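Just so we're clear, the structure is a prediction, and the values are computed from it rather than from any experiment.
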Amino acid sequence: MQLPLVFMDGPWRLSMGLRALEPGQWLWLDTHHAAETAERRRLLSEKRQEVTAMSPGTEPACRELLGMVLDDLALHHGMRPAGTDDDEPLAVLGGLVQEDFCLLLPAADGQHVLRAGVLCFPLHWRLRDKLDLPLRAIHGPVPGFSDKLGDPAERFMAALLPERPVWRANWTFTERPDLHQPGRRTVDPLLDSANAGQRLWLRIERQTLRRLPRSRAVVFGIRSLVRPLAEIAAEPGVAAALAARLREMEPGMAVYKGIPPMRQPLLRWLDAVAAGARPAPQDAAAGR
């Protein structure tokens with residue numbers, strides 16, 4: 001499974017960046033499947049009310065989604081999980097695969113509203129804070145979304161067909177590799193330009209969108225992948241692309257992503273790798 005390094009595709013800009021989703025590529029299972037689904041089952045056992053939510057009337061859509069996931073696992077991954085008769089379809093679903101899922105249903109005014117979901121691996125947000133909100137309100141904290149993407153996103157959601165699923169990806173940096181991070185961002189006081197590659201992680205969200213044929217719910221899938229920055233940016237070309245995207249990023253978006261506290265040591269580290277070198281320890285002080 002190749003990581004979707006979309007920052008390699010060209011200059012940074014705020015866009016939907018949608019791509020056709022090929023058959024068999026909806027669910028991603030990798031070597032982390034056993035460990036990550038075990039962690040998801042733990043969260044579902046200990047924090048079910050925090051990581052799942054289902055508004056009244058949405059159980060048929062949730063069961064339709066569970067059935068689609070089971071069919072996909074059997075057809076494309078050779079898996080037929082046992083013990084899937086739990087009364088709560090989202091709890092079953094959450095422990096089967098590494099993806100999180102949000103279900104959005106069209107309201108009377110045509111807006112798509114978040115009505116149910118299982119979110120074991122959030123990054124600085126909580127499912128219940130967004131439940132029963134329309135698309136624009138959900139993305140309210142994202143700089144520029146309402147003005148630039150609000151209308152196109154609503155038109156796309158309205159026109160989405162079951163037979164034409166799509167995917168997109170976004171990325172950011174985190175100070176911790178934990179997949180379950182619902183709380184606020186942290187700042188690493190030990191981060192410097194010599195150790196940024198070892199103390200930061202690149203977190204990528206591969207997001208999928210598809211419509212369920214019976215309930216007409218739109219399923220927003222989120223597959224979170226976290227890898228050490230030093231592993232992803234080991235090649236000069238990758239480091240150079242990341243550095244370029246950081247410099248191109250609008251200030252408001254950088255703040256939203258929590259970049260400013262790490263920006264200077266991160267850029268110094270990336271620039272050094274891009275140049276085929278590593279920062280000397282004494283450079284770290286100058287980068288702070």
Side-chain angles (χ1 to χ4, degrees), residues 1-34 36-37 40 61-81 84 89-90 92-106 112 117-121 123 135 149 152-172 179 202-227 231-232 235 237-238 241 245:
M1 184 181 71
Q2 186 174 0
L3 292 177
L5 303 182
V6 292
F7 55 81
M8 299 292 293
D9 294 343
W12 184 90
R13 63 188 179 93
L14 183 64
S15 70
M16 294 177 67
L18 299 174
R19 309 170 192 221
L21 183 62
E22 298 299 324
Q25 292 298 307
W26 180 36
L27 305 175
W28 273 17
L29 279 66
D30 62 12
T31 56
H32 301 273
H33 180 263
E36 290 184 11
T37 53
R40 293 171 69 82
C62 295
R63 292 201 175 279
E64 184 180 6
L65 173 58
L66 175 58
M68 183 175 285
V69 167
L70 289 171
D71 289 345
D72 193 271
L73 288 174
L75 179 62
H76 298 294
H77 303 282
M79 292 178 59
R80 285 180 165 74
T84 56
L90 292 176
V92 175
L93 181 64
L96 289 177
V97 293
Q98 291 157 276
E99 280 85 1
D100 287 310
F101 296 103
C102 295
L103 282 82
L104 297 99
L105 283 157
H112 280 74
V118 53
L119 184 73
C120 293
F121 294 157
L123 185 64
L135 194 63
L149 297 183
E154 282 290 358
R155 288 194 296 268
F156 167 78
M157 297 282 276
L160 182 63
L161 299 175
E163 63 270 21
R164 293 187 178 176
V166 298
W167 73 276
R168 66 182 302 274
N170 63 26
W171 54 274
T172 191
L179 286 166
L202 184 71
R203 178 160 173 150
I204 299 170
E205 287 188 357
R206 179 185 183 266
Q207 303 169 348
T208 58
L209 286 154
R210 68 184 311 161
R211 189 176 298 280
L212 299 179
R214 293 197 301 275
S215 64
R216 307 302 293 172
V218 171
V219 179
F220 179 60
I222 310 168
R223 176 71 157 83
S224 299
L225 304 113
V226 179
R227 302 291 185 269
E231 173 186 314
I232 299 300
E235 294 295 326
V238 177
R245 302 298 87 82

At their closest point, which heavy atom of [X] faces which heavy atom of [Y], and how far apart are they?
| X | Y | result |
| --- | --- | --- |
| Gly95 | Thr37 | O-CB, 3.6 Å |
| His33 | Val97 | NE2-CA, 4.3 Å |
| Phe121 | Arg40 | CZ-CG, 3.3 Å |
| Asp100 | Cys120 | OD1-N, 2.6 Å |

Working to the nearest 0.5 Å, report the span between [atom1] of [X] and [atom2] of [Y].
| X | Y | atom1 | atom2 | answer |
| --- | --- | --- | --- | --- |
| Arg211 | Leu161 | CZ | CG | 8.0 Å |
| Leu3 | Ile232 | CG | CD1 | 5.0 Å |
| Glu36 | Glu99 | CD | CD | 9.5 Å |
| Leu209 | His112 | CG | NE2 | 10.0 Å |
| Leu75 | Arg80 | CG | CZ | 9.0 Å |
| Leu212 | Met68 | CG | CE | 5.0 Å |

Only counting residues at least two apart or in another chain, list the ones meeting side chain to side chain contact (heavy atoms under 4.5 Å, CB included) with [X].
| X | answer |
| --- | --- |
| Leu21 | Gln25, Trp26, Pro165, Trp167, Arg206, Thr208 |
| Arg168 | Leu18, Asn170, Gln207 |
| His77 | Leu27, Leu29, Asp72, Leu73, Met79 |
| Leu149 | Leu14, Met16, Phe145 |

With salt bridge (charged side-chain N to carboxylate O under 4.0 Å, His left out) as the rule and sequence neighbours excluded, what pairs involving residues 153-163 come up? none

Sequence neighbours left out, what pairs pass salt bridge (charged side-chain N to carboxylate O under 4.0 Å, His left out) with at least one residue falling in residues 4-14? Asp9-Arg19

Please list, chain by chain and in numerical order, all residues satisfying side chain to side chain donor-acceptor pair (under 3.5 Å) with [X], sequence neighbours excluded.
| X | answer |
| --- | --- |
| Arg203 | Ser224 |
| Asp30 | Gln98, Arg223 |
| Thr172 | none |
| Ser215 | Glu64 |

Derivation of the side-chain contact (heavy atoms from CB on, under 4.5 Å) call for Ile204 and Val6: CA-CA 9 Å; Ile204 299 170; Val6 292; over 6 Å; no

Test ring pair (Phe, Tyr, Trp, His ring centres under 6.0 Å) applied to Phe7 - qualifying residues, sequence neighbours left out: Trp171

Any pair with a residue in residues 203-227 that passes ring pair (Phe, Tyr, Trp, His ring centres under 6.0 Å), sequence neighbours left out, goes on the list, sorted by first then second residue, please. none

Could you tell me if the side chain of Ile222 sits less than 4.5 Å from the side chain of Leu119, heavy atoms only? yes

Please report the C-alpha distance between Arg210 and Val219 in whole Å, then the side-chain angles of each, then the deciding distance to 0.1 Å, and finally whether the side-chain contact (heavy atoms from CB on, under 4.5 Å) criterion is met. CA-CA 5 Å; Arg210 68 184 311 161; Val219 179; 4.2 Å; yes

